[in-house]
Amino acid sequence: MEEVKLLGWWVSPFSRRVELALKLKGVGYEYIEQDLAHKSQLLLEYNPVHKKVPVLVHNGKTMAESLVILEYIDETWPNNPILPRNPYDKAMARFWAQFIEEKCNGGLWKIMWCKDEEERGKLVEEASQCFITLEGELKGNKFFGGEEIGMVDIAANFIGYWLGVVQEVSGMELVTRDKFPVLCKWMDEFVEHSVVKETLPPRDELHAEFEARLGAPSWKY
Amino acid sequence: MSENELVILDCWASPFCMRVKIALAEKGLDYEARPEDLFGGKSDLLLTSNPIYKKVPVFLHDGKPLCESSVIVSYIDETWPAPALLPSTPYERSQARFWVDYIDKKVLFDSSAAIWKASGDDAMEGAKKEFVEVLKVLEGALGEKEYFAGDAFGYVDILAIPITCWFLASERFGNLKVEAESPKLSAWIKRCMEKETVAKVVPDPEKIYEFVINLRKMFGIA
């Protein structure tokens, strides 16, 4: 009997990535919502190094870091693969997932918290370059994974959904349809995907949450 | 017909390049290392095969480029499976990947290099504290084992050991000793450096120290 648990936070795109992968593979799991302002003993015990969500627990074994967890899920439940099987294509998918995590999401995070206008201007320019690069990588496909979503699409979930909410709350226009039509088309497909839909936090609740936090001095707990 | 033309666009001091070279040596694979002049002028091949980062290493397998050292080492392990670098079970692999992610996030740039880049006492103290904390976390991960995954030298060791040749610079500028702060990690460093595949690739830390002195001049720190 498989026992799968997921420690997550409803707002976090990182924990939603893991939920998405589990749902794509039809894996049943127990979800345990975490209060990151008052971290549980369970979380601190299961992820002592980073003290963050998501944490996946499978038959008592704990794992942290969402992209690491995605690889584990793909290896353990090979149906509906999220990574290509060919080593070169798999390596390219890992490269793009890392690019999205470090350059794209990393840059967007800095923008969200940057108070200096000149600095923000530079960061926005860098982010635009990232979006152009991503548009190139889509290569006319529906998803980064081709006809079906894969690890790269899952890694890009913040851009796919959360970014829209950040833009509404902050008034910033980072991804617009006239500037990035290809990326916007991917975002449309992503949020309309039948399984992705199930894992997205409700838009109005996410909006309220971001509104509260973006006004605060710091996001970090 | 001979296939498997393996090329690495390289820099002798880059721990990321060292990772790839150690992995190739562990697999007994022949390759050509082409040195790049990272400050004087990057080659056209580097700029076209890594347009996003324009960094080394770039690994070319029969002309097909791959970038990012952890991606490259995983590819090498999957393409030439023996001897295995990653552990055999999905769970053990998840642990290995977790530690490589930690090392990449925390060890080189955030803590070790932050020491020799620090200007001012506060920055230095902060960097030293961070570095010592990271060493202790790594020591905890190693535990009583010979290598990170157990008895056999593998993926985490390969990705971690190259960074350690940069520690001497941090020790000198930070006035601390890795051996005093983390004796078990220190023993692991010595154990790995005794391996031929590592010793041939990882340079003398004194040479890296000289390199760091020049980097500091370039950054306008010294």
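In what follows, every heavy atom counts, from backbone to side chain, and hydrogens, waters and symmetry copies are set aside. Residue numbers start from 1 in every chain, and the chains themselves are labelled A, B, ... in the order their sequence lines are given, proteins ahead of strands. Remember, it's a predicted structure, so these values are computed and weren't measured experimentally.
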### Task
Tabulate, in ascending numerical order, the residues of residues 64-80 of chain A having at least one heavy atom closer than 4.5 Å to a heavy atom of chain B, or enter 'none'.
Ala64(A), Glu65(A), Val68(A), Glu71(A), Tyr72(A), Glu75(A), Thr76(A)

### Message
We want to know whether Trp10(A) and Glu33(A) form a side-chain donor-acceptor pair, criterion being a heavy-atom distance below 3.5 angstrom.
### Response
no

### Query
Just checking heavy atoms, which of residues 65-76 of chain B are less than 4.5 Å from chain A?
Pro65(B), Leu66(B), Cys67(B), Glu68(B), Ser70(B), Val71(B), Ser74(B), Tyr75(B)

#### Entry: Distance-only donor-acceptor check, side chains Asp157(B) and Trp188(B), under 3.5 Å
yes

### Task
Establish, from distance only, whether the side-chain atoms of Asn47(A) and His50(A) form a donor-acceptor pair under 3.5 Å.
no

### Query
Just checking, is any N or O donor in the side chain of Thr199(A) or Glu19(A) under 3.5 Å from an acceptor N or O on the other one?
no

### Query
Where do Trp96(A) and Asp153(A) land on the side-chain contact (heavy atoms from CB on, under 4.5 Å) test, with the steps shown first?
CA-CA 10 Å; Trp96(A) 285 109; Asp153(A) 303 276; over 6 Å; no

### Query
Could you give the distance from CG (Leu6(B)) to CG (Asp30(B)), rounded to the nearest 0.5 Å?
8.0 Å

### Query
Between Lys145(B) and Asp151(B), is the closest basic N to carboxylate O distance under 4.0 Å?
no

### Phe131(B) ring center near Phe167(B) ring center (under 6.0 Å)
yes

### Task
Enumerate by number any residue of residues 85-93 of chain A whose heavy atoms lie under 4.5 Å from heavy atoms of chain B; in the absence of such residues, state 'none'.
Pro87(A), Tyr88(A), Lys90(A), Ala91(A), Met92(A)

## Note on the structure
Partner of Asp77(B) under salt bridge (Lys or Arg N to Asp or Glu O under 4.0 Å), picked from Arg97(B), Arg19(B), Lys27(B), is Lys27(B)

### More than 12 heavy atoms of other groups within 6.0 Å of Lys128(B) NZ
yes

### Task
In plain terms, say whether Asp116(A) and Arg120(A) are close enough for a salt bridge, that is, a side-chain N and a carboxylate O under 4.0 Å apart.
no

### Message
With no hydrogens and no angle check, just 3.5 Å: does a side-chain donor-acceptor pair link His193(A) and Glu148(A)?
### Response
yes

### Message
Within residues 86-96 of chain B, which residues come under 4.5 Å of chain A, heavy atom to heavy atom?
### Response
Pro90(B), Tyr91(B), Arg93(B), Ser94(B), Gln95(B)

### Summary
CG (Leu185(B)) and CZ (Arg191(B)) are apart, to the nearest 0.5 Å, by 10.0 Å

### Query
Does a side-chain N-to-carboxylate-O contact under 4.0 Å join Glu173(A) and Lys179(A)?
no

### Task
Kindly say whether the aromatic ring centers of Trp162(A) and Phe210(A) come within a distance under 6.0 Å.
no

### Task
Using modelled atom types only, decide if a donor and an acceptor are shared between the side chain of Glu126(A) and the backbone of Gly107(A) within a distance under 3.5 Å.
no

